[in-house]
Visitor: 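Dropping a structure here in structure tokens format, bear with me for questions.
The basis for the numbers below is simple: all heavy atoms, side chains too, and nothing from hydrogens, waters or symmetry mates.
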Amino acid sequence: MNRPRTVLDANAYWNTYYADTFRFGQGTEHILDLLLNVPPVRTWTDLGAGSESLLWAAALDAHHLTAVDADLERLATLSAFARTGRPRGVHEVALALCDRDVDTFAHRCRSLTSTLVADCLTGDRLPPRVLGADLLTQFGLLGLSRDSRHFTDAFRRLHQHLPGDGWAAGANWVPAQPKDRVHLTRDLYQNAAHTADLDLLHLERVPSTDSQFPFVWIYLARRMP
């Protein structure tokens, strides 16, 4: 079964949501604020990364970022953007919200050391080195799951190699018309975290001004040693 598509194709998505205008009120500032709770890490894997990892990087401090996505075009956009070393308007606002100097953005761009084309929602096994990073994130990926079982299985599988003291964080947007998508609930997240042997440190449903996605679930979890 094909999983739901994102709201726009790769180029339109990049230039609509990640260009010069920071879209306040759609959950992004809440996600960045939550990510500030993650301490510096050596390795970070962004699952279902698309072209957006360097926005979330504004709040994080990682030496090596691996971006994983099924869409080669989105990863190519991310890599090309990282090579410029220059933030767009949305990234400048994100850096300011995180109290980061714009000059630090080039360092965040250099942290993108690898990309991998893979569908994180299928049963295909991803390399343990990718899933064994100190920090695993996903922004929008698990919300594309078909149902609660698919969500829980994918959550467990993606976090099975997270090391002790490892961190997990993410967000999933709730569509106004959730056709062929999992119904996201607090119980679903709590059960998935328990199944994955993670301590859920923060879980919140944030309202959004985006009429297509009126809510976003955000979470932060950790595997205790």
Side-chain angles (χ1 to χ4, degrees), residues 13-69 74-75 77-115 133-143 162 165-173 199-210 213 215-222:
Y13 193 83
W14 170 246
N15 286 310
T16 298
Y17 291 97
Y18 296 92
D20 293 327
T21 302
F22 189 98
R23 294 171 175 253
F24 283 97
Q26 297 187 3
T28 307
E29 61 268 39
H30 296 273
I31 297 168
L32 291 170
D33 187 59
L34 183 65
L35 293 176
L36 287 171
N37 291 285
V38 179
V41 295
R42 188 178 65 85
T43 54
W44 164 31
T45 295
D46 193 16
L47 300 163
S51 52
E52 298 85 58
S53 300
L54 290 175
L55 175 64
W56 314 121
L60 298 169
D61 185 357
H63 290 290
H64 300 286
L65 162 62
T66 297
V68 186
D69 198 88
R74 294 176 192 264
L75 291 177
T77 297
L78 175 64
S79 296
F81 177 57
R83 286 194 294 272
T84 71
R86 297 190 302 272
R88 301 176 110 184
V90 65
H91 303 89
E92 291 179 353
V93 175
L95 289 164
L97 288 173
C98 298
D99 199 25
R100 313 286 199 206
D101 194 292
V102 172
D103 293 341
T104 66
F105 190 71
H107 166 72
R108 284 164 168 76
C109 290
R110 289 192 296 271
S111 73
L112 179 64
T113 51
S114 62
T115 61
D134 301 316
L135 168 65
L136 294 177
T137 59
Q138 63 82 33
F139 302 99
L141 171 72
L142 289 170
L162 187 70
D165 281 336
W167 294 81
N172 292 289
W173 285 259
D199 288 334
L200 200 55
L201 305 178
H202 184 92
L203 177 63
E204 181 181 4
R205 192 179 78 154
V206 177
S208 169
T209 58
D210 187 342
F213 296 90
F215 296 97
V216 55
W217 282 97
I218 64 175
Y219 69 88
L220 179 66
R222 191 178 185 190

Visitor: Keeping Glu29 on the side-chain end and Asp33 on the backbone end, is there a donor-acceptor pair under 3.5 Å?
Guide: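 Not a single qualifying donor-acceptor pair exists.
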
Visitor: Quick one: does any side-chain atom of Arg100 pair with a main-chain N or O of Ala59 as donor and acceptor, under 3.5 Å?
Guide: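 Present.
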
Visitor: In terms of side-chain heavy atoms, does Thr66 have a donor or acceptor partner in Ser114 at a distance below 3.5 Å?
Guide: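 Yes - a donor-acceptor pair under 3.5 Å links their side chains.
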
Visitor: Rounded to the nearest 0.5 Å, how far does CH2 of Trp167 lie from CG of Leu136?
Guide: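 Reported value, rounded in 0.5 Å steps: 13.0 Å.
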
Visitor: Set out, in order, the CA-CA distance, both residues' side-chain angles and the distance that settles ring pair (Phe, Tyr, Trp, His ring centres under 6.0 Å) for His30 and Phe24, then state yes or no.
Guide: CA-CA 10 Å; His30 296 273; Phe24 283 97; over 10 Å; no

Visitor: Would the Phe139 and Tyr219 ring centres measure less than 6.0 Å apart?
Guide: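 No; Tyr219 has its ring centre 6.0 Å or more from that of Phe139.
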
Visitor: For the aromatic rings, using the six-membered ring if either is Trp, is the centroid distance between Phe215 and Trp173 under 6.0 Å?
Guide: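 Ring-ring flag for Phe215/Trp173: false, centres at least 6.0 Å apart.
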
Visitor: Could you go through the side chain to side chain contact (heavy atoms under 4.5 Å, CB included) check for Cys98 and Leu36 one step at a time?
Guide: CA-CA 7 Å; Cys98 298; Leu36 287 171; 3.9 Å; yes

Visitor: Mind listing the closest non-hydrogen atom pair of Gly27 and Val216 along with its distance?
Guide: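 Smallest interatomic distance, heavy atoms only, reads CA-CG1, 3.9 Å.
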
Visitor: Backbone N or O of Trp217 within a donor-acceptor pair of the Asn172 side chain at under 3.5 Å?
Guide: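 No, because the side chain of Asn172 does not come within donor-acceptor range (under 3.5 Å) of the backbone of Trp217.
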
Visitor: Is the closest side-chain donor-acceptor distance between Arg83 and Ser79 under 3.5 Å?
Guide: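 Absent: no donor and acceptor within the cut-off.
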
Visitor: Between Thr137 and Trp44, do the side chains contain an N or O donor and an N or O acceptor separated by less than 3.5 Å?
Guide: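 Per modelled atom types, Thr137 and Trp44 side chains form a pair under 3.5 Å.
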
Visitor: To the nearest 0.5 Å, what is the distance between CG on Asp199 and CZ on Arg222?
Guide: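 Answer for the CG-CZ pair, Asp199 versus Arg222, is 9.0 Å.
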
